[in-house]
Amino acid sequence: MSTAPAFKSFRLALIQLGAVGADKSANLKHAREMIMRAAQGDGTPESRPSVVVLPECFNSPYGHAHFPTYAETIGYTKSRNYDVQTSESESVKMLSSAAKEASVWLVGGSIPERDPTDQRLYNTCTVYSPTGALVALHRKIHLFDIDIPGKITFKESETLTGGSSTTFFDTDFARIGLGICYDVRFPELAMIAARKGCHLLIYPGAFNMTTGPLHWSLLQQARAVDNQVFFSMCSPARDLSAGYHAWGHSMVVDPFGKILAEADEKECIIHTTIDPTVFQDARAGIPVTRQRRFDVYPDVSQ
Ligand SMILES: NC(=O)CC(=O)C(=O)O
């Protein structure tokens with residue numbers, strides 16, 4: 001594995017996207033406008049983000065019945081490296097051109113993806129460099145299958161297949177790990193990413209009105225503290241006319257577990273600074289990353 005880049009200070013922006021409806025072209029147009037707005041920061045050069053994030057399922061309504069209709073094939077080469085140039089996906093094309101125009105690293109939320117080899121569907125996050133290159137692709141590993149009687153039943157596995165790889169990408173200022181929503185409930189994934197040198201973990205997500213108040217911030221703070229990394233989840237805005245009511249509350253948590261920025265439930269963009277000294281202070285002061293006893297629990301030591 002390559003060495004992680006030196007961790008430098010940078011600005012992060014999360015787009016808590018609203019108005020995600022049935023019209024995919026309108027969703028893409030609105031997402032593009034919000035990316036451009038996020039990239040401006042507050043208008044000052046120092047506020048401009050280096051990384052901009054969209055939420056889970058930003059181009060389609062969220063629900064297993066919608067995924068087959070909205071799924072797109074992401075272009076890939078014979079060696080199965082994903083490639084914008086060969087992509088027929090209108091979402092990939094939009095994200096790539098928006099990243100390039102805004103000159104940001106863009107974590108493109110997630111979209112329903114169809115694999116052309118076997119027609120299986122995935123919930124997939126793609127990431128773009130400031131030149132518009134597709135640099136990473138994460139397929140949601142743990143599918144959101146829950147049943148809380150009288151509250152919420154959701155079964156992504158009705159139409160989706162779970163991904164089978166962990167994913168990170170390198171920028172010139174940090175190593176960033178990826179997950180999607182329900183992946184946050186599996187601490188092993190975040191731990192592996194942190195042990196591979198990630199400084200920040202970004203999970204586009206869409207918790208709901210039942211699990212949001214219970215677990216949204218708790219899980220992010222837990223993953224941040226467990227692993228002494230920055231942790232961030234970006235949600236859609238809440239839309240009570242939609243079939244799925246997202247919790248909202250997109251947030252960024254520091255390696256001490258402190259919430260640095262948090263949205264309410266409405267459409268908005270939140271910005272924060274990711275400061276490496278906090279990461280270093282957490283690891284120096286509470287050195288759990290050097291105190292692990294893998295001789296006692298070797299089954300999680302990979
Ligand atoms: N939507 C998800 O994947 C997960 C979620 O809402 C939850 O874990 O709660």
Side-chain angles (χ1 to χ4, degrees), residues 14-18 20-21 27 53-68 70-71 107-113 120-126 137-167 177-191 193 201-224 226-227 231-240 242-253 259 262-265:
L14 310 184
I15 299 172
Q16 184 160 290
L17 195 68
V20 177
N27 297 337
V53 185
L54 285 169
E56 181 174 30
C57 213
F58 79 91
N59 70 352
S60 112
Y62 187 44
H64 64 77
H66 301 293
F67 299 140
Y70 286 81
V107 177
S110 78
I111 62 169
E113 181 212 350
R120 286 187 176 169
L121 305 182
Y122 297 88
N123 185 341
T124 301
C125 173
T126 51
L137 182 150
H138 178 77
R139 289 171 164 170
K140 188 173 188 174
I141 296 171
H142 306 92
L143 296 181
F144 180 42
D145 283 1
I146 66 164
D147 182 19
I148 307 177
K151 303 273 189 193
I152 177 168
T153 302
F154 205 96
K155 207 150 190 244
E156 279 188 318
S157 65
E158 290 275 347
T159 50
L160 299 183
T161 299
S164 48
S165 336
T166 61
T167 316
L178 297 172
I180 300 177
C181 205
Y182 201 60
D183 284 338
V184 71
R185 293 186 180 274
F186 300 84
E188 296 85 350
L189 189 62
M191 186 182 184
L201 306 187
I202 296 177
Y203 288 34
F207 274 35
N208 50 76
M209 301 298 285
T210 301
T211 61
L214 283 171
H215 296 149
W216 175 255
S217 45
L218 175 72
L219 287 168
Q220 293 183 67
Q221 289 175 286
R223 297 296 84 86
D226 287 347
N227 300 296
F231 200 98
S232 177
M233 291 181 79
C234 181
S235 170
R238 190 176 306 158
D239 174 2
L240 295 178
Y244 184 88
H245 301 162
W247 175 237
H249 292 267
S250 298
M251 68 169 56
V252 184
V253 180
I259 296 173
E262 179 176 1
D264 57 17
E265 76 285 3

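Values in this document were obtained by computation on a predicted structure and should not be read as measured data. Numbering of ligands and ligand atoms starts at 1, following listing order. Computation of the quantities below employed the complete heavy-atom set of this structure, encompassing side-chain atoms and omitting hydrogens, waters and symmetry-equivalent molecules.
Remark: among candidates E56, R185, K140, the nearest residue to atom 3 (O) of ligand 1 is K140, based on non-hydrogen atoms.
Ligand 1 is approached by Y62 to a heavy-atom distance shorter than 4.0 Å.
Here the CG-CG distance, from L219 to D183, works out to 12.0 Å after rounding to the nearest 0.5 Å.
With a heavy-atom cut-off of 4.0 Å, H215 does not touch ligand 1 at all. When heavy-atom distances to ligand 1 are checked against a 4.0 Å cut-off, E156 has no atom that comes that close, whether in backbone or side chain.
Listed for the Q16 side chain is a donor-acceptor partner under 3.5 Å among the backbone atoms of D264. Here the side chain of H245 pairs no donor or acceptor atom with the backbone of N208 at under 3.5 angstrom. Although no hydrogens or angles enter the test, the distance criterion places no donor-acceptor pair under 3.5 Å between the side chain of Y62 and the main chain of P236.
Those atoms of ligand 1 with a heavy atom of Y244 less than 4.0 angstrom away are 1 (N), 6 (O). Listed by number with element, the atoms of ligand 1 under 4.0 angstrom from any heavy atom of C181 are 1 (N), 2 (C), 3 (O), 4 (C), 5 (C). Of all atoms in ligand 1, listed by their number and element, those nearer than 4.0 Å to a heavy atom of N208 are 6 (O). Close approach of ligand 1 to T211 is summarised as follows: ligand atoms under 4.0 Å from at least one heavy atom of the residue are 6 (O), 7 (C), 9 (O).
Because its NZ or CZ atom is not both nearer than 6.0 Å to the ring centre of F231 and within 45° of the ring axis, R223 does not count as a cation-pi partner of that residue.
Taking the six-membered ring for Trp and thresholds of 30 and 60 degrees, Y182 and F186 have ring planes more than 60 degrees apart, a perpendicular arrangement.
Between A206 and ligand 1, a contact under 3.5 Å exists for at least one N or O pair.
Looking only at side-chain heavy atoms (C-beta outward), I202 and C234 stay at 4.5 Å or farther from each other.
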